[in-house]
Amino acid sequence: MKGSIYKKIRKQMLFGSFVAAAVVCLAAVIIISILRGSIIGASEELGTSAAVDSKTALEIQMEESLFQLAGIKSYLIDEKLSAAANLVSITAHNAQYIVSEPEAYLPRTVLFPNAANAGRSVAQLRLAQNADYADLEAEIGLLGNMSALLVSGERSLDYVRSLYIGTESGICISADVDSDQDSVIFDPRARSWYIDAKAAGEMIWTDVFADNFGRGLGITCAMPFYGEDGSLRGVAGAGMQLGILAEIVVEAKLGETGYAFIANEYGEIIISDTVTVDGDGNIISQNLSGVFPDETAARMMNGAAGIERAPVEGRECFIAYAPLKTLPWSLVVIMSVDEVVAPAIESEERIIAMTGGTVTGIDRMIFIALLVFAAALILAQAGNSVLARRLSSGLARPVIQLSEGAGIIGAGDLEYRFDVKTGDELETLSDAFNAMISNIKTITAEKERIGAELNVATQIQASMLPCIFPPFPGRKEFDIYASMLPAKEVGGDFYDFFLINESKLAVVMADVSGKGVPAALFMVIAKTLIKNNAQSGKSPKEVFQTVNDMLCENNDACMFVTAFMGYIDLRSGKLTYVNAGHDPALLKKADGEFKPLPSKPSLILAGFENVRYKEEEMILSPGDTLYLYTDGVTEAMNNDCELFSTRRLLDALNRSKVSTAKELLVHIKNEIDLFADGAEQADDITMLALKITERMESIK
């Protein structure tokens with residue numbers, strides 16, 4: 001110990017002074033005033049900097065998101081248009097083969113439109129005004145062989161309202177559901193789609209038009225076909241409703257101001273929730289040149305892709321656009337800049353309000369401090385001036401320095417260092433404070449680093465699991481949804497689903513022993529091995545046997561995986577599955593309740609080498625629902641340490657009245673939350689639901 005405060009006080013009792021007390025008081029007031037100005041300035045600078053940084057970050061993020069959204073939507077629309085074009089191409093090539101090889105076909109009857117067939121897709125015959133049925137009977141009988149293809153083709157795409165062929169002789173054979181509206185008299189040669197395709201000699205797309213039967217906006221894809229001698233024999237075409245394309249566009253709404261639309265190569269906005277049709281069947285819509293700057297409109301019409309910021313209808317907006325490959329159209333997504341940066345502006349206003357409150361608090365503290373100093377000065381006048389002087393210089397000043405330093409450190413400045421040189425316990429305390437601050441800096445930096453790494457790990461793990469729903473647009477045989485909520489930043493549960501081929505879907509649910517980073521790493525390895533082996537053509541039991549042996553190698557941590565895997569044959573409905581020590585799957589038949597899927601669990605994965613797993617089978621029918629989960633569902637606890645249990649899970653599933661896989665998982669998660677009643681989640685909660693929606697034998 002460098003010295004004794006007690007001895008110093010005893011010595012300094014002989015000294016004191018009113019003048020020294022006044023000097024200390026004045027110095028404190030000056031320091032407090034300087035501190036007040038520094039805090040106010042720092043708060044204002046922080047508010048401005050935070051607002052600017054937030055605005056910049058939000059703008060960059062929104063630009064990336066809008067550009068990606070425009071690209072995704074244009075890709076989805078291209079897929080549908082390409083499917084329609086392929087259908088027309090197939091129809092034209094089949095018609096060309098039939099007219100080139102007439103001796104290979106027997107005549108088939110095609111009937112005229114019949115109102116009794118309304119609502120059913122059937123093949124129907126129509127003829128030009130002056131066509132003679134007797135003269136054309138042989139050609140009609142030959143082309144009747146196209147009936148089955150036309151009907152199946154029209155049914156295959158829900159946005160194709162009719163599929164047809166028209167001939168140079170005035171014959172038209174079509175497949176649609178409007179027998180009650182179609183006329184017997186119809187000359188395809190006078191239609192624009194026939195004329196344009198004939199002139200082009202290749203596949204063409206017509207302009208968008210308003211449907212004569214009041215079915216909304218439509219567009220036609222047409223392609224000519226020829227005889228064996230190269231002469232034009234007719235044109236195949238498909239009439240499409242743009243309603244489904246409009247749904248893809250309109251659902252791209254973002255926030256209060258975001259919206260999307262499609263424009264053609266002439267700058268006309270043709271697909272939007274603002275497009276209407278007047279009483280004469282004319283389409284009423286805006287033109288890009290009336291909405292956007294000329295340079296921006298030109299880039300859209302020229303098929304460019306990009307993201308930019310420009311005024312739209314009097315306000316600054318982000319504009320993302322991407323071209324379609326099938327047609328010279330562009331998909332455009334717009335969102336107001338003000339809406340994007342609104343959170344940053346609100347944050348800036350809150351910081352400014354907090355700064356005002358801080359200034360008020362500081363002024364109050366300064367006033368109180370001045371009162372204290374004034375009282376001390378009065379007391380000093382009544383006491384020994386010598387004692388006051390010695391106490392102020394020998395003891396009060398280092399204490400004030402420590403107090404101010406503590407305030408600075410408390411405000412977050414860990415670079416501050418105490419410099420007390422008194423040769424006694426106060427100097428020792430100052431040195432201890434400095435050592436403590438260094439330790440705090442080291443610990444804080446390490447915690448921030450670990451936190452940042454865990455955040456990245458969480459994002460990586462989430463991105464590895466299928467997270468885009470619906471995952472297979474256009475597949476109507478099943479409805480699937482899954483979710484994973486880790487108990488820590490990263491977890492050991494995982495699910496997966498993927499198509500092994502066009503008619504076989506694989507589903508996986510697994511739980512790695514332990515939690516946190518080790519479980520997450522083991523989960524990545526297990527998930528990758530299972531999917532790779534499944535896609536190589538192996539059966540479920542062969543996949544588990546291979547993966548088990550691979551995981552056993554160098555498994556010094558003695559980790560293991562419980563897993564369930566099943567293949568669903570979408571043609572026959574057969575479910576082939578294997579259970580490696582996992583909780584039993586639950587199955588609800590269309591006319592029954594959820595019950596455990598019959599299975600004899602095999603050994604866990606990564607437990608022992610050379611394990612042989614058993615496959616079991618079950619036939620799934622339309623309306624059946626398969627529910628997979630991990631023990632984080634049944635072992636969720638409430639504040640009384642009660643488990644949610646398999647009984648409660650089955651009861652919650654059977655009480656559910658929802659119709660989709662997503663709604664089912666949301667319902668179960670709500671039931672778990674109600675049961676837990678705020679209790680901390682102890683284990684990862686992972687679920688997957690699969691509902692068969694169509695008859696297996698109807699899949700083409």
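Worth saying up front: this structure is predicted, and the values here are computed from it rather than measured.
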Decide yes or no for V508 and F494: does some side-chain heavy atom of the first lie under 4.5 Å from some side-chain heavy atom of the second? yes
What one should report as the nearest heavy-atom pair of K691 and S659 is NZ-O, 2.9 Å
| said: E137 vs Y133, test: side chain to side chain donor-acceptor pair (under 3.5 Å). Steps then yes/no. | reply: CA-CA 6 Å; E137 185 174 5; Y133 182 91; 4.9 Å; no
Using atom types as modelled and distance alone, determine if a side-chain donor or acceptor of N501 lies under 3.5 Å from a backbone N or O of K504.
yes
Check against salt bridge (Lys or Arg N to Asp or Glu O under 4.0 Å), K527 and D496 = CA-CA 8 Å; K527 176 183 180 297; D496 204 357; 3.4 Å; yes
* Start with the C-alpha distance between Y481 and E663, add both sets of side-chain angles, then the distance that settles side chain to side chain donor-acceptor pair (under 3.5 Å), and finish with yes or no. => CA-CA 9 Å; Y481 194 83; E663 291 173 342; over 6 Å; no
Quick one: does L664's side chain get under 4.5 Å of F594's, heavy atoms only? yes
On a heavy-atom basis, the closest approach of L288 and A297 is CB-CB, 3.8 Å
**Asked** Taking it one step at a time, do Y627 and K588 satisfy side chain to side chain contact (heavy atoms under 4.5 Å, CB included)?
**Response** CA-CA 8 Å; Y627 174 81; K588 175 183 180 296; over 6 Å; no
Output for pair (S174 OG, E154 CD), nearest 0.5 Å, gives 9.5 Å
Next on the checklist: Looking at S539, is its backbone amide N or carbonyl O close enough to the side chain of E542 to form a donor-acceptor pair, meaning the two atoms are under 3.5 Å apart?
Outcome noted: yes
Rounding to 0.5 Å, atoms CE (M335) and OG1 (T257) come to a distance of 5.0 Å
Quick one: does L505's side chain get under 4.5 Å of L690's, heavy atoms only? yes
Side chain of T693, backbone of D479: donor and acceptor closer than 3.5 Å?
-> no
Would you find a donor on one side and an acceptor on the other, under 3.5 Å apart, between the side chain of Q96 and the backbone of Y226? yes
Practice prompt. State, yes or no, whether a side-chain contact exists between P471 and I480 at a heavy-atom distance under 4.5 Å.
Written response: yes
Exercise. Take E617 and K574 through the test salt bridge (Lys or Arg N to Asp or Glu O under 4.0 Å) and record every step on the way to the result.
Key: CA-CA 7 Å; E617 296 180 353; K574 182 174 73 173; 3.8 Å; yes
In terms of heavy-atom contacts, I619 and S572 come closest through CG2-O, 4.3 Å
Quick one: does E615's side chain have a donor or acceptor within less than 3.5 Å of a partner on T576's backbone? no
Rounded to the nearest 0.5 Å, the CD1 atom of I269 sits from the OG atom of S330 at a distance of 11.5 Å
message = Go through it in stages, so that I can follow the logic: the residues are F112 and L127, the test is side chain to side chain contact (heavy atoms under 4.5 Å, CB included), and I'd like the CA-CA distance, side-chain angles, deciding distance and then a yes or no.
response = CA-CA 9 Å; F112 288 101; L127 299 176; 4.1 Å; yes
Taking the side chain as C-beta and beyond, is there a heavy-atom pair between M565 and I530 under 4.5 Å? yes
*asked:* Closer than 4.0 angstrom, basic N to acidic O: yes or no for K589 and D624?
replied: yes
Do D158 and Q241 pair up side chain to side chain, a donor and an acceptor below 3.5 Å, judged on atom types alone? no
(Q) Applying side chain to side chain contact (heavy atoms under 4.5 Å, CB included) to E477 and F472, what does each step give before you reach the verdict? (A) CA-CA 10 Å; E477 307 93 87; F472 308 107; over 6 Å; no
Minimal heavy-atom distance between S121 and V151, with the atoms involved, is O-CG1, 3.6 Å
Between W205 and A85, the two heavy atoms sitting closest are CZ2-CB, 3.9 Å
Does the side chain of Y75 reach to within under 4.5 Å of the side chain of I77, using non-hydrogen atoms?
-> no
Open item on the list: Does the plane of the ring in Y613 sit parallel, tilted or perpendicular to the ring in F544? Use 30° and 60° as the thresholds.
Closed with: perpendicular
What verdict does the side chain to side chain contact (heavy atoms under 4.5 Å, CB included) test give for Y159 and K80, after you've listed the backbone C-alpha separation in whole Å, the side-chain angles of each residue and the deciding distance to 0.1 Å?
CA-CA 9 Å; Y159 49 95; K80 294 187 178 296; 3.4 Å; yes
OH (Y259) and SG (C317) are apart, to the nearest 0.5 Å, by 6.5 Å
query = Taking the side chain as C-beta and beyond, is there a heavy-atom pair between I165 and I171 under 4.5 Å?
reply = no
Nearest heavy-atom contact between A563 and A510 is CB-CB, 3.8 Å
**Asked** So, T206 side chain and T220 main chain: donor-acceptor pair closer than 3.5 Å or not?
**Response** yes
**OP:** Just do the ring-ring contact (aromatic ring centres under 6.0 Å, His included) check on Y164 and W193 with the steps written out, would you?
**Re:** CA-CA 11 Å; Y164 41 81; W193 54 269; 4.8 Å; yes
Should we say atom CD of Q535 is surrounded by more than 12 heavy atoms from elsewhere, each under 6.0 Å from it?
yes
dist H93:NE2 -> L149:CG (nearest 0.5 Å) comes out at 12.5 Å
### Message
Strictly distance-based, threshold 3.5 Å: is any side-chain N or O of S536 a donor or acceptor partner for the main-chain N or O of N533?
### Response
yes
Interatomic distance, CZ@F261 vs CH2@W329, rounded to 0.5 Å, equals 14.0 Å
* Any Lys/Arg nitrogen of D187 or R189 sitting under 4.0 Å from an Asp/Glu carboxylate oxygen of the other? -> yes
Side-chain contact, heavy-atom cut-off 4.5 Å: L499 with R475?
-> yes
Handout entry: Exam field: side chain S74 to backbone G71, donor-acceptor pair closer than 3.5 Å
Key = yes
### Task
Evaluate whether atom NZ of K662 has more than 12 neighbouring non-hydrogen atoms of other residues, nucleotides or ligands under 6.0 angstrom away.
no
Look only at the side chain of Y321 and the backbone of M301, and say whether a donor-acceptor pair between them is shorter than 3.5 Å.
-> no
Q) Does any N or O in the side chain of N145 come within less than 3.5 Å of the main-chain N or O of L106, such that one atom is a donor and the other an acceptor? A) yes
